[in-house]
**Student:** 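Before I ask anything, let me first share the structure, which is written out below as C-alpha cells.
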Amino acid sequence: MIWNEEFETLPREALEAIQLKRLKHLVERVYGFVQPYRQKMDEAGVRPEDIKTLSDLAKLPFTTKDDLRDNYPFGLFAVPFEQVVRVHASSGTTGKPTVVGYTRRDIETWADLMARTLSAGGAGRGDVVHNAYGYGLFTGGLGAHYGAERLGATVVPISGGNTKRQVMIMQDFGSTVLCSTPSYALNIAEVMEEMKVAPESLKLRVGFHGAEPWSENMRDEIEKKLGIDALDIYGLSEVMGPGVACECLEAKKGLHVFEDCFIPEIIDPDTFQPLPPGQKGELVFTTIKKEAFPVIRYRTKDITRLIADPCPCGRTFYRIERLSGRTDDMLIIRGVNVFPSQVEHVLMGVDEVEPHYQIVVDRKGTLDVMEVQVEVNERIFSDEVKKLEKVSKHIEKEIKEMLGVSCTVKLVEPKTIQRSEGKAKRVIDNRKL
Ligand code: DLL
C-alpha cells in the first residue's frame with residue numbers, strides 16, 4: 001500500500017521541480033542562519049544564488065561527522081533553539097555523541113515517512129506493531145513508534161531485551177508486525193525455538209529490519225523462522241533516523257529513497273565526484289525538508305548504488321541497493337554504532353594499559369560479541385591476577401558507559417599485539433552475515 005500516493009508516485013519531472021525549489025530554500029536558510037555552513041560555502045566560493053539547477057548541488061561543500069563534532073552539541077541547528085522539541089544522538093568518533101534536533105514539524109514529517117515505510121510492507125490500521133527497536137537517544141524506537149501511530153496501528157513499545165517476555169507478549173497481544181534489527185529478529189526466532197513456540201502460533205506477518213548490515217541469507221532465515229516477509233529499512237540519525245529509505249513488499253529489491261525529502265547522491269569516495277545510477281560509491285544526502293537540523297551533502301560513509309529502473313510497486317522514487325559496507329571503520333554491534341576511536345579514547349584514560357589494542361568481533365548464535373584486547377604496561381604486568389582482573393573490569397565498565405555496549409576486555413602481555421607497518425589493523429570482524 002502507498003501511504004502518500006501524491007508524493008510517492010510523482011512523475012520524475014515534477015519531483016525534480018519540488019526538489020529544486022526545496023533545495024534553493026534550504027541553501028538560503030542555512031546560509032543565513034548557520035554560521036559554519038556559511039563559512040564553508042564562502043570558502044568554496046559558492047553563494048545561495050548559484051544554485052539554479054539540481055546539478056548545482058555538486059558545487060556545495062560536503063558535510064561530515066567531523067563538522068558535527070566541531071559544532072557539538074547544537075552549533076549546526078538551523079532554527080532558534082526554542083523551536084527544537086526533541087533531540088536524538090548517535091555515536092561520535094570519540095568521546096562526544098553526534099547530536100541532532102527536530103522541530104514539531106520535523107517530527108510530523110518523520111512520522112509521515114515512517115508511516116510510508118510501514119505501509120510499503122502492508123501495515124496499517126488494525127495491525128499490532130511490536131516495536132523492539134531501542135527507545136531513547138537512538139532514533140529507531142521513537143521513529144517506528146510515531147510512524148505506527150500515524151498509521152493508526154496499535155503500538156507495543158517493548159524496546160529491546162528480555163526476549164522470552166517479548167515472545168509471550170507477541171503471542172498474547174496478537175502482534176502482526178515486528179520492528180527490530182535483523183539480528184534481534186533472529187534472536188527472537190531462536191528464543192521461540194527454545195520456548196517451543198511455533199511461528200504458526202503467532203500472527204506475525206511482516207518485519208521491518210534495519211540499523212545494521214544484513215544479507216539475503218539472513219532475510220531467508222528470518223522469513224523462514226518467523227513465517228514473515230522481512231523488509232530492509234534504512235536511515236541514519238544525521239539525516240532523520242529510520243524513514244530515509246525502505247523496501248516495498250512488491251519487489252523486495254532495493255530501498256526507495258524518499259526523494260521529496262532527501263536528495264541522494266553517490267560519489268566516488270576518492271575523487272568525490274558524483275557517479276551515475278548503477279555505479280557503486282558512497283551515499284551522500286541533502287535533507288530538503290528538515291527544519292531544525294538540515295544537512296547539506298552529508299557523507300554517510302555507507303556504500304551502495306542508485307537504481308533508477310521503474311519498480312512494480314508504482315513508486316517513482318529511485319532505490320538504493322542493499323547497503324554493502326562502509327568506507328570508514330564504524331562497526332555496528334548489536335545495533336549500536338561503535339568507532340574504534342571511541343574504544344581508544346577510553347583506553348587512553350586508563351593508566352595501566354598501553355595504546356596498543358585490537359577489537360575482535362564475532363557472532364555467537366545470533367548475538368554479536370566484542371572482545372577488546374589491550375596490552376598492559378610493564379609496571380603492572382607482573383602484578384597479581386586479582387589486580388589485573390580489576391583493571392579489565394574497570395575498562396569493561398568504562399566502555400559500557402561510553403559506548404552503551406558490553407564487551408569483554410582481555411589484557412595481554414606487553415608487546416604482543418602486532419605492530420602496524422602503516423595503517424593499524426584495529427578490528428578483526430569474524431561475523432559472517
Ligand atoms: O540506525 C537508524 C535506523 C533505525 C535505521 C532503525 C533503520 C532502522 P544510526 O544509529 O545513526 O541510525 O546509524 C546509521 O546504520 O549509516 C548505516 O551504516 C547503518 N544502517 C542503518 N540501516 C541500515 C540497513 C539508525 N538497512 C547507520 N542496512 C547507517 C545496513 C544500515 N546498514
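Counting starts at 1 for both ligands and their atoms, following the listed order. Heavy-atom basis, side chains included; hydrogens, waters and symmetry copies ignored.
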**Student:** For Glu108, give me all partners under salt bridge (Lys or Arg N to Asp or Glu O under 4.0 Å), at least two apart in sequence or on another chain.
**Tutor:**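 Partners of Glu108 under the salt bridge (Lys or Arg N to Asp or Glu O under 4.0 Å) test: Arg150.
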**Student:** Write out the residue and atom name of the closest protein heavy atom to atom 18 (O) of ligand 1, then the distance separating them to 0.1 Å.
**Tutor:**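 Residue, atom and distance for the closest contact: Asp302 OD1, 2.6 Å.
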**Student:** What distance do Lys425 atom NZ and Gln358 atom CD have between them, rounded to the nearest 0.5 Å?
**Tutor:**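 Lys425 atom NZ to Gln358 atom CD measures 7.5 Å (nearest 0.5 Å).
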**Student:** Which is it for Phe208 and ligand 1 at heavy atoms under 4.0 Å: side chain, backbone, both or neither?
**Tutor:**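 Neither; no heavy atom under 4.0 Å.
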**Student:** So which bit of Glu212 gets within less than 4.0 Å of ligand 1, heavy atoms only: side chain, backbone, both or neither?
**Tutor:**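 Only the backbone of Glu212 comes within reach of ligand 1.
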**Student:** Counting from 1, what ligand 1 atoms have a heavy atom of Leu323 closer than 4.0 Å?
**Tutor:**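 Going through ligand 1 atom by atom, the ones under 4.0 Å from Leu323 are 30 (C).
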**Student:** Output yes when the distance from some N or O of ligand 1 to some N or O of Phe138 is under 3.5 Å, and no in every other case.
**Tutor:**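 Such a contact does not occur with ligand 1.
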**Student:** Looking only at distances, please establish whether an N/O atom of ligand 1 is found under 3.5 Å from an N/O atom of Arg326.
**Tutor:**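 Checking ligand 1 against Arg326, an N or O pair does fall under 3.5 Å apart.
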**Student:** Looking at Ile233, which atoms of ligand 1 are within less than 4.0 Å of one of its heavy atoms?
**Tutor:**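 Ligand 1 atoms under the 4.0 Å threshold to Ile233: 7 (C), 8 (C), 22 (N), 24 (C), 26 (N).
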**Student:** Below 4.5 Å, heavy atoms only, C-beta onward: do Leu323 and Pro213 meet side chain to side chain?
**Tutor:**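 With C-beta onward as the side chain, the pair stays apart.
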**Student:** Of all the atoms in ligand 1, which lie at a distance below 4.0 Å from a heavy atom belonging to Gly210?
**Tutor:**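 This gives 7 (C), 8 (C), 26 (N) as the contact atoms.
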**Student:** Show, in sequence, the C-alpha distance, side-chain angles and deciding distance for Ser324 and Lys280, and conclude whether the side chain to side chain donor-acceptor pair (under 3.5 Å) test is met.
**Tutor:** CA-CA 9 Å; Ser324 62; Lys280 227 178 214 190; 3.2 Å; yes
**Student:** Would you call Arg305 and Glu321 a salt bridge, taking side-chain N to carboxylate O under 4.0 Å as the test?
**Tutor:**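 A salt bridge is present here (some side-chain N lies under 4.0 Å from a carboxylate O).
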**Student:** Measure across Asp42 and Tyr31 and return the closest heavy-atom pair with its distance rounded to 0.1 Å.
**Tutor:**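 Looking at all heavy atoms of both residues, the closest pair is OD1-OH, 2.6 Å.
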**Student:** Could you say whether the N/O atoms of His209 and ligand 1 ever approach to under 3.5 Å?
**Tutor:**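 In this structure, His209 places no N or O atom under 3.5 Å from an N or O of ligand 1.
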**Student:** Show the atoms of ligand 1 that are less than 4.0 angstrom away from any heavy atom in Asp232.
**Tutor:**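 Counting from 1, the qualifying ligand atoms are 24 (C), 26 (N).
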**Student:** Note the single closest protein heavy atom to atom 23 (C) of ligand 1, along with its residue, its atom name and the distance in Å.
**Tutor:**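 Result: Ala211 N, 3.5 Å.
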**Student:** When you measure from atom 2 (C) of ligand 1 to each heavy atom in Cys179, Ser90, Gly141, Gly235, which option holds the nearest one?
**Tutor:**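 The nearest heavy atom belongs to Gly235.
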**Student:** Any atoms of ligand 1 less than 4.0 Å from a non-hydrogen atom of Gly140? List them with their elements.
**Tutor:**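 Near Gly140, the atoms of ligand 1 are 4 (C), 6 (C).
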**Student:** Angle class for the Phe74/Phe77 ring planes (parallel below 30°, perpendicular above 60°, tilted otherwise)?
**Tutor:**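 Tilted: the ring planes of Phe74 and Phe77 meet at 30° to 60°.
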**Student:** Can you see which heavy atom on Gly141 is nearest to which on Asn131, and at what distance?
**Tutor:**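 Shortest heavy-atom separation between Gly141 and Asn131 comes out as O-ND2, 2.9 Å.
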**Student:** Would you kindly specify which portion of Asn337 sits under 4.0 Å from ligand 1, judged on non-hydrogen atoms: side chain, backbone, both or neither?
**Tutor:**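 It is the side chain that gets close, since no backbone atom is under 4.0 Å.
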**Student:** Please write down residue, atom name and distance for the protein heavy atom closest to atom 11 (O) of ligand 1.
**Tutor:**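 Minimum-distance protein heavy atom for atom 11 (O) of ligand 1 reads Ser237 OG, 2.5 Å.
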**Student:** Thr103 and Asp106: side-chain donor and acceptor closer than 3.5 Å?
**Tutor:**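 A pair is found: one side chain offers a donor N or O, the other an acceptor, under 3.5 Å apart.
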**Student:** Is the contact between Leu236 and ligand 1 made by the side chain, the backbone, both, or neither, using heavy atoms and a 4.0 Å cut-off?
**Tutor:**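 Both of them.
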**Student:** In this structure, are over 12 heavy atoms from other groups packed under 6.0 Å from Arg431 atom CZ?
**Tutor:**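 Result for CZ/Arg431: enclosed.
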**Student:** Taking the side chain as every heavy atom from C-beta outward, state whether Asp260 and Arg22 have any atom pair closer than 4.5 Å.
**Tutor:**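 When only atoms from C-beta onward are counted, Arg22 and Asp260 do touch, with a gap below 4.5 Å.
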**Student:** What part of Ile332, side chain from CB on, backbone N/CA/C/O, both or neither, has a heavy atom under 4.0 Å from ligand 1?
**Tutor:**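 Under 4.0 Å from ligand 1, Ile332 contributes side-chain atoms alone.
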